[in-house]
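Residue numbering restarts at 1 for every chain, and letters A, B, ... go by the order of the sequence lines. Because only heavy atoms are used, hydrogens play no part in the values below, and waters and symmetry mates are left out as well, while side chains stay in.
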Number of protein chains: 2
Amino acid sequence: MHECVRSDAALTRAFRILGKRWSAVVLGSLRSGPAGFRELSRAIDGLSDSVLSDRLSELTKEGLIARTVDEGPPVAVSYELTESGKALMPALHQISEWAEEHLLSEGC
Amino acid sequence: MHECVRSDAALTRAFRILGKRWSAVVLGSLRSGPAGFRELSRAIDGLSDSVLSDRLSELTKEGLIARTVDEGPPVAVSYELTESGKALMPALHQISEWAEEHLLSEGC
DNA sequence: ATACTCGCTAGGAAAATCAAAGCGGCACGG
DNA sequence: CCGTGCCGCTTTGATTTTCCTAGCGAGTAT
């Protein structure tokens with residue numbers, strides 16, 4: 001029972017982050033390696049600049065991603081998963097697999 | 001590459017549902033068995049009736065939970081995970097474990 | 001100089017969430 | 001019978017979040 005309550009609290013905590021529109025998708029987009037702002041923006045259909053900026057900022061603050069500035073030339077900013085962020089990937093992968101099997105696909 | 005693109009589309013699809021505030025927590029609350037509206041509302045701190053109602057309706061429409069009316073007396077409505085919903089639990093459990101290890105806890 | 005890309009930010013509109021009252025139905029007790 | 005309380009929602013309006021899009025300053029190339 002105590003474990004059960006603890007589990008719900010942890011899930012609630014996790015979805016304080018993941019339950020915001022686009023956060024998980026942004027994280028998933030970084031799975032294959034670091035990317036810049038515009039790269040992410042182009043990779044994710046339907047995501048506006050301002051929300052991307054907000055999400056990157058939040059995910060950085062929560063420690064799931066890290067922002068790095070390469071001084072160039074040309075100057076470049078990139079974002080990559082931290083160890084915490086990487087540790088979440090297996091679960092996100094599992095969710096992807098679940099979605100492929102259980103959610104209607106609108107074609108590809 | 002094609003697999004990679006497909007994976008991002010699946011994650012996007014999954015978080016069309018899970019990325020709405022409270023959906024995952026509602027699903028997690030049904031892990032231990034069927035529950036009524038008021039039971040869920042009491043179990044989840046901070047969740048308003050109107051959003052609970054919306055979420056239950058959406059999750060039902062997406063096939064993750066099922067709504068059952070027991071004619072009584074007393075008449076009772078309950079919600080439970082479908083097979084699709086149950087199939088998501090391992091991933092949510094993994095996220096719980098991740099949160100316990102990687103997200104600051106505010107005490108319990 | 002112009003044109004382009006980058007990484008954001010700002011302002012306002014649209015959508016989602018929140019807060020709380022209330023509805024109709026039902027069950028129970030006096 | 002009536003009154004009360006619980007249930008499962010819905011409604012309304014306020015607040016917050018997300019979205020849209022223009023634009024900024026910095027940097028690079030022509």
Side-chain angles (χ1 to χ4, degrees), chain A residues 8 11-30 33-62 64-82, chain B residues 11-30 33-62 64-82 85:
Chain A
D8 281 357
L11 193 64
T12 302
R13 243 163 46 240
F15 276 88
R16 223 187 48 224
I17 300 166
L18 299 179
K20 300 187 97 173
R21 192 69 61 84
W22 298 112
S23 288
V25 175
V26 169
L27 284 169
S29 294
L30 289 171
F37 185 97
R38 194 51 66 191
E39 213 172 335
L40 286 167
S41 147
R42 274 193 283 259
I44 307 175
D45 259 1
L47 175 58
S48 67
D49 279 1
S50 54
V51 171
L52 177 57
S53 176
D54 281 348
R55 293 296 171 274
L56 289 171
S57 179
E58 286 154 13
L59 291 169
T60 302
K61 201 182 312 171
E62 294 285 349
L64 271 66
I65 64 175
R67 178 180 178 274
T68 310
V69 180
D70 176 0
E71 304 201 343
V75 67
V77 176
S78 75
Y79 296 87
E80 61 186 320
L81 296 172
T82 59
Chain B
L11 193 64
T12 302
R13 239 158 54 236
F15 276 87
R16 220 187 49 226
I17 300 167
L18 300 178
K20 300 187 98 172
R21 188 72 60 87
W22 299 114
S23 288
V25 175
V26 170
L27 285 168
S29 293
L30 290 171
F37 185 97
R38 194 52 64 192
E39 212 172 335
L40 286 167
S41 147
R42 275 192 284 257
I44 306 175
D45 258 0
L47 174 59
S48 66
D49 278 2
S50 51
V51 171
L52 178 56
S53 176
D54 281 348
R55 292 295 170 277
L56 290 171
S57 178
E58 285 154 14
L59 291 169
T60 302
K61 201 182 312 173
E62 295 284 348
L64 271 67
I65 64 175
R67 178 179 178 273
T68 310
V69 181
D70 175 2
E71 303 201 343
V75 66
V77 175
S78 75
Y79 297 86
E80 62 186 318
L81 296 172
T82 59

For [X] and [N], what is the distance between atoms [atom1] and [atom2] respectively, to the nearest whole Å?
{"X": "A:I65", "N": "C:dG7", "atom1": "CD1", "atom2": "C1'", "answer": "14 Å"}
{"X": "B:I44", "N": "C:dA19", "atom1": "CD1", "atom2": "C1'", "answer": "17 Å"}
{"X": "A:D70", "N": "C:dC6", "atom1": "CG", "atom2": "C1'", "answer": "13 Å"}
{"X": "A:L40", "N": "C:dG7", "atom1": "CG", "atom2": "P", "answer": "9 Å"}

Should the pair [X]-[Y] be classified as a salt bridge under the 4.0 Å nitrogen-to-oxygen rule?
{"X": "A:D54", "Y": "A:R21", "result": "no"}
{"X": "B:R55", "Y": "B:E58", "result": "yes"}
{"X": "B:R16", "Y": "B:E62", "result": "yes"}

| field | Footprint string (nucleotides 5-18 of chain D, 5' to 3'): B base within contact, S backbone only, - free, heavy atoms under 4.0 Å | value | --SBBBB------S
| message | To check you understand the geometry: which heavy-atom pair defines the closest contact between A:L11 and B:G28, and what is its length? | response |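 Minimum heavy-atom separation between A:L11 and B:G28: CD2-CA, 3.9 Å.
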| Taking the nucleotide of DNA chain D with the closest heavy atom to each, which residue, A:G46 or A:P73, is nearer the 5' end? | A:G46
| request: With side-chain contact (heavy atoms from CB on, under 4.5 Å) as the test, would you mind laying out the steps for A:S78 and A:D70 before giving the verdict? | output: CA-CA 8 Å; A:S78 75; A:D70 176 0; over 6 Å; no
| request: May I ask you to test the B:F37-B:L56 pair for a side-chain heavy-atom distance under 4.5 Å? | output: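 Touching, per the 4.5 Å side-chain cut-off.
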